> 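The structure that follows is given in the form of structure tokens.
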Amino acid sequence: MTLQANIPLIYQTLLKAYGSQGWWPISFADGGPLQDCDSRGYHPGDYDIPLDDTQKLEIAVGAILTQNTNWNNVVSAMASLASANLFSMQGLLHGKIEQIALAIKSAGYYNQKTQYIRNFVCFLQGFPFKKLEGESTETVRKMLLDIKGIGPETADCILLYALKRPSFVIDTYTRRILSRMGMISETASYHSIKKLFESFLEKDLVVFQEYHALLVHHGKHYYSRKPYGNGDQILRSQSFCGNSEEVTAS
DNA sequence: GCCCAGGAGCCCG
DNA sequence: CGGGCTCATGGG
């Protein structure tokens, strides 16, 4: 079994097991949750999200807040930003640093993240979403990576979910799942894993969004930092692992 | 108390 | 370029 065959096969298997996810969660933009979303803000089947700049901002801020952080902590941080009337371009641009930091405290690393968010909205002020839409994906990605506080994963989340560009997101669960299945080395670079997915999948926005969301969902269940339980009951039932060329660093 | 969570920057060899 | 350190809260 080759990587070329495994990458699409894992997607099909996870999609069949869990169904479409409907990421990125939206809960606060424009005053409240979406009409058709579940309690987590998921909106399966609705690929028109984000509808406006407010929702795009929520996605980007959420992507920064969730860096190495449980999503529940991010939700309460965003709720408190919203109730302090700070969850808007004006609020995030001109609100007092200490006030924003206090509001997002529950998300952890709150001093850094306050500055990261401020850096991002300062960038957005000079280069709003509408203007970004006129640039190529690679150009936008480079601009995002120049912002202090936005690394490869956060940049790809903003590209994939806020700007609707087919840029595959590699997160800790994706890395861990593929690594434990013997498909990549533990030290494989972000770029090499990203290229792995992007070269063996059709360049399709919905596929990229769903695949990433499915990997996170699956990872939360079977791939904690320390392996536990009976292991992966979904992917291990297939014959993915072994006998495939492994991707190493670079 | 310990471990974990949808990373990123910085410094050092 | 890679490895180790720092940043921090809330839930299990």
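Since we're looking at a predicted model, the values are computed, not measured. To find a chain, count down the sequence lines: A is the first, B the second, and so on, and within it residues start at 1.
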> Applying side-chain hydrogen bond (donor to acceptor under 3.5 Å, both in side chains) to A:W23 and A:Y161, what does each step give before you reach the verdict?
CA-CA 8 Å; A:W23 267 25; A:Y161 296 104; over 6 Å; no
> Could you check how far CG of A:L14 sits from P of B:dG6, rounded to whole Å?
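Between P of B:dG6 and CG of A:L14: 16 Å.
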> Rounded to the nearest angstrom, tell me the gap between atom CD1 in A:I64 and atom P in C:dT9.
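Distance, rounded to whole Å: 19 Å.
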> Looking for any heavy atom pair under 4.0 Å, which part of the strands does A:R176 touch: base, sugar-phosphate only, or nothing?
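Since only primed, P, OP1 and OP2 atoms lie under 4.0 Å of A:R176, the category is sugar-phosphate.
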> Would you indicate which nucleotide in B:dG6, C:dG10, B:dA5 comes nearest to any side-chain atom of A:T66?
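So the side chain of A:T66 is nearest to B:dG6.
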> Does B:dC3 have OP1 or OP2 under 4.0 Å away from a side-chain N or O of A:R225?
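Looking at the OP1 and OP2 atoms of B:dC3, neither is under 4.0 Å from any side-chain N or O of A:R225.
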> Counting neighbours of CG on A:N85 that are heavy atoms of other residues, nucleotides or ligands and sit closer than 6.0 Å, is the number greater than 12?
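Counting neighbours around CG of A:N85, 12 or fewer heavy atoms of other residues, nucleotides or ligands fall under 6.0 Å, so no.
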> Are any of A:Y110's side-chain N or O atoms less than 4.0 Å away from OP1 or OP2 of C:dA8?
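Looking at the OP1 and OP2 atoms of C:dA8, neither is under 4.0 Å from any side-chain N or O of A:Y110.
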> Looking only at the side chain of A:T187 (C-beta and beyond, no hydrogens), which of the listed nucleotides C:dG3, B:dA5, B:dG6 gets closest?
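Output: C:dG3.
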> How close or far is atom P of B:dG7 from atom NZ of A:K113, stated in whole angstroms?
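Distance, rounded to whole Å: 9 Å.
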> Atom NZ of A:K105 and atom P of C:dC7: how far apart are they, to the nearest Å?
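Computing the A:K105:NZ to C:dC7:P distance gives 15 Å.
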> Determine the interatomic distance between C1' on C:dA8 and the same-named atom on B:dC2; round to the nearest Å.
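These two C1' atoms come out 16 Å apart once rounded.
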> Please determine, by modelled atom types, if A:N111 and A:Q115 share a side-chain donor-acceptor pair under 3.5 angstrom.
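Per modelled atom types, A:N111 and A:Q115 side chains form no pair under 3.5 Å.
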> Can you tell me the distance, in whole Å, between the CG atom of A:N70 and the P atom of B:dG7?
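My rounded result for the distance is 10 Å.
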> Who passes side chain to side chain contact (heavy atoms under 4.5 Å, CB included) against A:H218, sequence neighbours left out?
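So A:H218 forms a side chain to side chain contact (heavy atoms under 4.5 Å, CB included) with A:L14, A:Y18, A:I177, A:Y222, A:Y223, A:D232, A:I234, A:L235.
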> Using the P atom in both, what is the distance from B:dC3 to C:dC5, to the nearest Å?
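Here B:dC3 and C:dC5 have their P atoms 15 Å from each other.
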> Distance alone, cut at 3.5 Å: any donor-acceptor contact between the side chains of A:S167 and A:K194?
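A pair is found: one side chain offers a donor N or O, the other an acceptor, under 3.5 Å apart.
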> Check every atom of C:dT9, B:dC3, C:dA8 against the side chain of A:K226 and return the nucleotide holding the closest atom.
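Taking heavy atoms from C-beta onward, the closest nucleotide is B:dC3.
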> Suppose you measure atom C1' in B:dG1 against the same atom in C:dG11; what distance do you get, rounded to whole Å?
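Each nucleotide's C1' atom is 14 Å from the other's.
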> If each of A:N111 and A:N72 is mapped to the nucleotide of DNA chain C with the nearest heavy atom, which maps nearer the 5' terminus, i.e. the 5' end?
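Comparing both residues, the 5'-ward one is A:N111.
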> Measure from CZ on A:R40 to C1' on B:dG6 and round the result to the nearest Å.
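Roughly 13 Å, once rounded to whole Å.
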> Classify every nucleotide of nucleotides 8-13 of chain B by which part a protein heavy atom approaches to under 4.0 Å, writing B for the base, S for the sugar-phosphate alone and - for neither, in 5'-to-3' order.
SSS---
> Expressed in angstrom and rounded to an integer, what is the separation of A:Y211 atom OH from B:dG6 atom P?
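Between P of B:dG6 and OH of A:Y211: 19 Å.
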> Judged by modelled atom types alone, do A:D36 and A:H43 share a side-chain donor-acceptor pair under 3.5 Å?
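There is no such pair between these side chains.
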> Considering only B:dG6, C:dG10, C:dC7, which nucleotide approaches the side chain of A:Y109 most closely?
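It is C:dC7.
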> Between A:Y211 and A:F168, what is the ring plane arrangement, given parallel below 30°, perpendicular above 60°, and tilted in between?
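Perpendicular, since the angle between the ring planes exceeds 60°.
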> Under a 3.5 Å threshold, yes or no: a donor from one side chain and an acceptor from the other, between A:S80 and A:S83?
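Note: A:S80 and A:S83 side chains miss the donor-acceptor criterion.
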> Decide whether A:R176 and A:T172 meet the rule of one side-chain donor and one side-chain acceptor closer than 3.5 Å.
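Side-chain D/A pair, A:R176 to A:T172: present.
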> Whole Å only: how far is the CD1 atom of A:I117 from the P atom of C:dA8?
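Spelled out: CD1 on A:I117 to P on C:dA8 is 13 Å.
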> Runs of at least three consecutive Watson-Crick or G-U pairs, both distances under 3.5 Å, are what I'm after; which ones involve DNA chain B?
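Consecutive-pair runs (3 or more) involving DNA chain B: B:2-5 with C:9-12, B:7-13 with C:1-7.
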> Can a donor-acceptor pair be found between the side chains of A:S76 and A:S106 at a distance below 3.5 Å?
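Yes - a donor-acceptor pair under 3.5 Å links their side chains.
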